[in-house]
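Input: a single structure, listed below in structure tokens.
Below, read A as the first sequence line, B as the second, and so on, with proteins coming before strands; counting in each chain starts at 1.
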Protein chains: 2
Amino acid sequence: MKKNRLRARGLSGLGEFGLINSIVKASRRASSGALALSGASVIVPNGDDAAVLDVRAAFGSDCLAISTDMLVEGVHFDCGLMSFYDVGVKSVTANISDMAATGGARPLFCVVGLAIPVDINVENVDNLLAGLRAAATKDGITLIGGDTVRSNKSIVISITIVGRIDKKSVVERGGAKAGDLICATGAFGDAAAGLRVLQGQRKSKRLCRARYSDAIRAHGYGQLVHAYRRPRHRLNEAILLTARWPRPTAMMDSSDGLAACVRAMSSAADLGAIVNLRDVPLSRAFRRWALSVSGGPLDPKFPWRTVAEGGEEYELVFTAGPSDVPALKKRVNFSVVGEMRCGKGVDFMLNGKKMAGEWRGYENF
Amino acid sequence: MKKNRLRARGLSGLGEFGLINSIVKASRRASSGALALSGASVIVPNGDDAAVLDVRAAFGSDCLAISTDMLVEGVHFDCGLMSFYDVGVKSVTANISDMAATGGARPLFCVVGLAIPVDINVENVDNLLAGLRAAATKDGITLIGGDTVRSNKSIVISITIVGRIDKKSVVERGGAKAGDLICATGAFGDAAAGLRVLQGQRKSKRLCRARYSDAIRAHGYGQLVHAYRRPRHRLNEAILLTARWPRPTAMMDSSDGLAACVRAMSSAADLGAIVNLRDVPLSRAFRRWALSVSGGPLDPKFPWRTVAEGGEEYELVFTAGPSDVPALKKRVNFSVVGEMRCGKGVDFMLNGKKMAGEWRGYENF
């Protein structure tokens, strides 16, 4: 109890204005060069009611892309399974990934809303902010402002990111045509498997935690855990894919899982789709983990559902005309995992057989 | 329990994409005319990872103003004291007020993040969204996207609003000089008194709620309650104040209270300030309420602190050179309530005497 009071006083002493100012100042220092390059200049920097930017140079011939993401502790992240720093990095990564998915919009700046319980450890808030800052700075994004408020229970992070994109590069979700191939960057299932491994570790805490941690290392599951805690975005790949003709016909990121992507893209285009699970790339670490819980890819216990529905990763899932795929492959590494076709519904196929059940991926409600 | 399950299913059936799409579609229908006038056109409308706007026409000679606000149920609003519709309206009003405070930025579009508990009544969510929509539409703001997620307990609303403003109109928080007069639109204390009245009503619920409600009406406290539930913003006044020379030297909105404004403006300018409480405008309803809890303005029980620290209202508090005040008064109605001066700290004076204690206004931590 005493400890909690101490913590509360620490945050209280900082005050709201202090908190936002400290984030914004550090971020501006780190990325002022990037902002100058982007052609937008900050007129009113921070702390004021609204940030003001001069965007004449930046938006002379471009469009503005805006995206917002909300992350709730206990729903979207679990501070018991990853560090506060990781949470900060991942929140920004998720938003950059939205910029990527819209056709490779170059993120310029972001605003952050933070709702934090008053009894939180100040060090944890610092680490969260450091993660946000580091991830933003790495990609040349300026944190131009925000709002820090008190929450009742959970941490809630809200990030709104603004980027610029050439009108020609914009790829919508619903642009696919029947016959277009479904393509995906990277491997699937790693992050979801990493989450399972961590959850398993937590369960075994009282039994034999040390032995379980050893098992993570010995089996090479570290890669899976890393994929969950520090997923990467595919902004560069998106920029390369949409820079010139031919371009993808539809695109999304796989934050809610491959299945949710294919379902959303086919439904937006009023089409159906098939996905061949054997064409979905799996990492070595994932295969090793999958073999520890099943007899092999054809075993009904093989975690294909984790591959298709897992999410928590930020790969690009896009469609392209079959004749355009070779040209796109010269620019970016990706796999063809399925095909859009007339009709309705998405079928997940394994060796010519349709998988049972309706696979949807992550849904909030 | 059964009722809760039913509610949860209602929201669940709608799904995240359904929820966002329904908000965005309705808002676009209502304000597409306004967006066309503003010169920004929506290229990718909704549901996609990020909204994309063509802003060439809109930002040819202007700056971009961006502001974000986070509102947590139980901290910033109380669904027991106001309807969900009111909460929606007030959230947008708070953001428009930020645009006003930056120097009268014209709001163009906003994105909304909503974290809602899964067991919430769907009707309440509908009413909240209807309030958001109505307030946005009324001022020609297009809701271009958002994120709806599940929360553990409280509703959290995050709004990011983007507007345009001429560089010359931007008024910063720290621009005041010693000798500048402190000015304020409207009356102060109404909303905070309305909140007290409502809290009193809730306490008396079991005793004699009907009689208390009658008392609200009979005493004319309805105006105070309305000021709390449906505060107005001062965007038009801000636009008029900053449209041409002379302009205010510093400006804020009074969402955290008059005291917090004066304190923030004087500290940003490295100055001190005095506020003459007898010059702060009070409404008739507020005077009536204040006399019911005190003997009069000179009574130590008179709620001057509610006037200065109450907040929950969105008046403009600004500073201006003494010789500029008459010109500004020709454009907008306001009162002169104090003066910036060399030194440190803000003194609240009543008939030449300094009030005791340090008045700060609302602080999150």
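Around atom CZ of Arg247(B), more than 12 heavy atoms belonging to other residues, nucleotides or ligands sit under 6.0 Å away. Summarising the local packing, CZ of Arg106(A) is surrounded by 12 or fewer heavy atoms from other residues, nucleotides or ligands at distances under 6.0 Å.
Annotation for Met70(A) and Ala115(B): closest pair SD-N, 3.7 Å, computed over non-hydrogen atoms. The two residues Arg150(B) and Val72(A) come nearest to each other via the heavy atoms O-CG2, 3.6 Å. The two residues Ser154(B) and Asn152(A) come nearest to each other via the heavy atoms OG-ND2, 2.9 Å.
Looking at Asp69(B), its side chain never comes within 3.5 Å of a backbone N or O of Asp147(A) through a donor-acceptor pair.
Looking at Ile66(B) and Ile144(A), their side chains come closer than 4.5 Å, going by heavy atoms from C-beta outward.
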